[in-house]
Amino acid sequence: MEKTMIKLIRIIGLAIVGLFSTLLVANSVIANEVNVFSARHYDSDVQLYEKFTAKTGIKVNVVSGKDKALQKRIKEEGKDSKADIYITADAGRLGAFQAEGMFQKGASSAAIKKVVPANFRSPYWVGIAKRARIIYYNPKTVNPSWNMSYEDLADPKYKGRVVIRKSSNIYNQSLVASLIKNNGEKNTAAWAKGMVNNFARKPTGNDRAQILAVAAGEADWAVANTYYLALMLSGSKGAEQQAAAKKVMPFFPNQDGRGTHMNISGGGILKHAPNKANAVKLLEFLLTPEAQQHIVNNTFEYPMIPGVKANKLIAQFGLDFKQDLKTKVSNYGKLQAKALKVMNEAGW
Amino acid sequence: MTKRINFWFIFAFLVPLLVAIPIFTVFLSFFDTTGNYLDLLKDTFLLKYLSNSFLILLGVLSLTFIFGVTSAYFVSFYKFPGVNFFKWALILSFAVPAYIYAYSLVAFFENYGTAFSILTFLFGEGDYNKNIPKFDGLIGSMFSISFSLFGYVYVLTRASFVFQSHNLIEVGKNLGLSSYESFFKIILPSARPAIVVGLSLVAMETLSDFGTVDFFSISTLTTAIYNAWISFDDLTTANQLSFVLLFFILLLFILENISRRGAKYHQNSKGNKPIPKIQLVGGKSIFATCFCSILFFCSFIFPVSQMTYWTIKFPKYFQDINFWSLNMNTLLLVFLSSLFLITFSFMTNYGNRVSKNKLLSYLSTFSVSGYALPGIILAVAFITFISWFSDLLTSIFGFDSFKNVFIGSVVGLVIAYFVRFFSLSYNGIKSGYSKINNSIDENAYLLGYSKFKTFSTIHLPYLKTNILLVGVLIALEIIKELPITLILRPFNFETFATKAYSYAAQDLLEAAAFPSLCLIIWASIFILFISKYILSEK
C-alpha cells in the first residue's frame, strides 16, 4: 500500500512537471503567429484563417467566447496579453472597447483605407463585413409603402402585429442608438413606447425566431438582420424552414430618408499586441476579394469592399437600396447605454 | 511526530484558503470603481432581475420536488412494470446539462421546428404552428433546469426511503393508516432532511446557472452581477449584488447543514431490513409506470432524440469537428482535475482529522462555498485576482509577470475547477472518513504506525469506493462545465461544451447537436459506471 501511495505521488509529480514544462516550451518558442480573440464563432472564419496560414506561413491561434468576457480577459492580462486582434460583431462593441483605450492605431492600413468606406472604419478598427437590420413582412396580409421607416413601426395601426427580440440584444441597442442620434432621445423614447404597444408577443427568441413568427402568422412585421433569412433560404435549417422563409418578404426601410440601418462585423489591433505586423497582414487578408467572397458565401453578410458580389440568396433582395451612410457606426457604442435605458423604460 | 502534524496542519490550512480566495475577491475592491450601473439598475432592472431569479427558483424547486419525490416513492416502495429499469434510468438525467436541454426545447417547439416537422410527416402539409404550444424563456428555463437537476432530489430521497426504518411504517400500518396517510404522516416527514439537502443542491445550481438563462436571454441575479462587473466595470454594484446572492446561498448552506445532521439521525443504518415492496395492480400500477416513463422520456430520451435527429439530418457538420482533440481535451481536464481534487481533499480531510483544530474546520466549511459561487463569476474573479496578484509581486519584488501561466492555460483551468468543485470532492471524501472510527487511528498509532502510514495503508484502501464516486462526480461536472472553460481556456482549445455553446451562439443549434450528443454519451458512461453505488440498497 505504501507502494501505491508512492506511485500516486509520482504520478502527480509527473503531471505537474509535465504541465509546466509544456507551458514553458510553448512560451519560449517564438513562433510566426497571430493570436485572435473572437466573439464571432463561425467555422467559416476558421477555414479562412487556414487559407491565410497556407498563404503566408503565419499560424492563426483563436480563442472564441462571449464578447464582454473576452474583453475582460484582455484588459486584465494587460501588457502580458498575447492577443493581437479582437474581432466582434457590432460596431457598438468595437467603439466601446476603443473608448477604453484597448486598441492601438494601425487597423486601417493604407491598403485597407483604399477599399473600405470611411464610415465603416476608424484608425482603431475596421469593418470586415456588413449587415443590415431590416423589416420583414407577410405579403399576404400587409403591403408596405416604398418609403416606410423604422419610425412607422410604432404607428398605432400596427397594434399587436409587430415582433422583435429583447432589449438586451446588442443589435437592437445599436438600432435604437442610431434612432437616438437621428431623432433625439425624447422622440425615441416615445417611439419605443409605441413599439411596445404594437408587440404581438413578449419579446422572445433570436432574430430567426422573429422571421418565423411572421411566417407562422403570429405577426405581420418583424425586425431582424438580413443574413438570418438567407440562412433559412439556403436550406441549412431544413426544408420546413426553407419553405417558411419563402412566405416572408424583406423590406429595406427609410429609403426616402437617411437609409437602412447598417452594422458591421469588425476587428482591431490590441494595444499590447505582440505580433502587430502579422495582425495587420491578417486584417488586410480578410479584406481581399478572395476572403470577402468566402465570408459572404458562408455568413450571408454584405461584402465590405467593392467588386465582391453578395451571395445570391442576399443579392436577390436587391443590392441598390439606400444604406444609412450618414449615421457613423461609431455612434452606436457611444449611445448604447442611453438606448438600453430608453427601451427598458418603455417596458421592452 | 510534531513535524508531521505541522505538515498536515499547514496543508489543511492552505488548501481551503486558496479555495476561498475568489470569494474574498468578490467582496474586496482592489481597484477604483467607475460607472453608475446601480442607478440604472435601481430605476429599471433590479426588481425584474430579482423577481426572475426568484420565479425560476420557485418553479424549479416545485418541479424537482414533485418529480424527484414522487418517482423515488414509487421505485422504493412498490413493484410495477419497469420499476427495476426506472430505478437507474432516472439518474441518466444527470447526463444532460440544462443548457443542452434548453437547445432541445427551443428546437422542438419553435415555429417550423421539430414538432412541426413531425406533424407534417404524420398528417401532411398543414398550418400546425398555431397548435404547437409556445412558452417564454422563463418557463423554458424552469423546465430545462428542473429536468436536468431533479436527479439530486430523486437520488437522495430514494436513499433515505430505502434506509427508512421499516418498523415505523409497520407501526403505521398496525394503527390502520392508509398508504396515502402513511406517506404524508410517516414517510415524507422522516425523509424531509434528505429532501431538503437535495432541494438546496438544486437551488444552488439554479442560482448559479448561466448557460440556460443566457440562451433564453433571461436576466437573473447572476447575469446582473456579470453585467455590472464586466459590461459596466462597476465593481461596487457587482459586490452589492453578489452579497445578496451569497446571502441567499449562505441561507441554503445553513439549511442544508442542519438537514444533513437530521438525515444522519433518521438513517439508522444498523439492523435494517429492506422494506418489502408492495405489488401495485390496475390503475395504480399503470399510473406509476406512466409517471416514471414520462419523466424518463422528458428528462433523457427527448433531448437525446432531438440531438440525434439533428446529427443525422445535418451530417455536413461532422466534418467541421475535430473529434479526436475534443475527446482528448475533455478527458485531459477530467483527469488532471480529479487527480488534484481527490489528492488534495484527501490530505485536507486527514489534516483536519489529525489536528482536530476548530479554526481549520471553520475554514474548510467556509471554503466549500466555492461551489455556490456561480462559475461565470468565479472565472472573472479568478482573472481579476491573478492579474492583481501578479502586478503586486511585480511592483514589490520585480518578479516577472506570471499572468500567462494561469490565464488562458490548462493550469488555470484546473485551478479554477479546483476552486469550484473542491466542496464536492472534500465533502464526498469526508462522508467516507466519518465512517472510520477514530479509535482505529489510535490503535494504528499504538501499533507504531506513522501518520503517513495510517493514511496510506488504512484510510486509503478503506475509502476506495468513495474515491471512485467522487472521481466520477467531478468528471460529470467538468464534462458539463461551460462558463469557466469558455473564459479561461487557452488558444485553439475546445471541449464538447464550448463547441456546442459556440454553435448555439451563432444560431446553428443543429451543428451544436453532435458535440452535445458526445457530451451526453460521455456523461452517461460515467453515470452507468457508478449507478451501482448510487443505488446501493445496503
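Just so it is clear, the model here is predicted, and its values are computed rather than measured. All chains are named by letter (A, B, ...) in the order of the sequence lines, taking the proteins before the strands, and each is independently numbered beginning at 1.
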Please determine, among Val106(B), Leu488(B), Leu509(B), Asp391(B), the option with the most heavy-atom pairs under 4.5 Å with chain A.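 Highest number of pairs under 4.5 Å: Leu488(B).
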Under 4.5 Å heavy-atom distance to chain A, tell me which part of Ile218(B) shows up: side chain, backbone, both or neither.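 For Ile218(B), heavy atoms of backbone and side chain both lie under 4.5 Å from chain A.
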Let me know if Asn129(B) has heavy atoms under 4.5 Å from chain A in its side chain, its backbone, both or neither.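 Side chain only.
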Does any donor atom in the side chain of Arg73(A) or Ser387(B) lie under 3.5 Å from an acceptor atom in the other side chain?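 Ser387(B) and Arg73(A) do not have a side-chain donor-acceptor pair below 3.5 Å.
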Please identify which of these residues, Lys247(A), Met232(A), Gln242(A), Arg208(A), meets the side-chain contact (heavy atoms from CB on, under 4.5 Å) condition with Tyr112(B).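 Passing option: Lys247(A).
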Show your reasoning for whether side chain to side chain contact (heavy atoms under 4.5 Å, CB included) applies to Lys59(A) and Asn492(B). CA-CA 11 Å; Lys59(A) 185 165 185 272; Asn492(B) 312 322; 3.6 Å; yes
What part of Ala243(A) gets within 4.5 angstrom of chain B, counting heavy atoms only: side chain, backbone, both, or neither?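 Neither the backbone nor the side chain of Ala243(A) comes within 4.5 Å of chain B.
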For Ala215(A), is it the side chain, the backbone, both or neither that has a heavy atom under 4.5 Å from a heavy atom of chain B?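 Both parts, backbone and side chain.
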Let's test your reading of the structure: which of Lys237(A), Glu218(A), Gln71(A) forms the most heavy-atom pairs below 4.5 Å with chain B?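 Highest number of heavy-atom pairs under 4.5 Å: Lys237(A).
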Suppose we screen for salt bridge (Lys or Arg N to Asp or Glu O under 4.0 Å). Which residues come up paired with Asp400(B), at least two apart in sequence or across chains?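 Partners of Asp400(B) under the salt bridge (Lys or Arg N to Asp or Glu O under 4.0 Å) test: none.
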Who pairs with Tyr503(B) by ring-ring contact (aromatic ring centres under 6.0 Å, His included), at least two apart in sequence or on another chain?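 Tyr503(B) satisfies ring-ring contact (aromatic ring centres under 6.0 Å, His included) with no residue once adjacent residues are dropped.
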Worked verdict on Thr384(B) versus Lys72(A) for side chain to side chain contact (heavy atoms under 4.5 Å, CB included): CA-CA 9 Å; Thr384(B) 312; Lys72(A) 179 77 180 173; 3.9 Å; yes
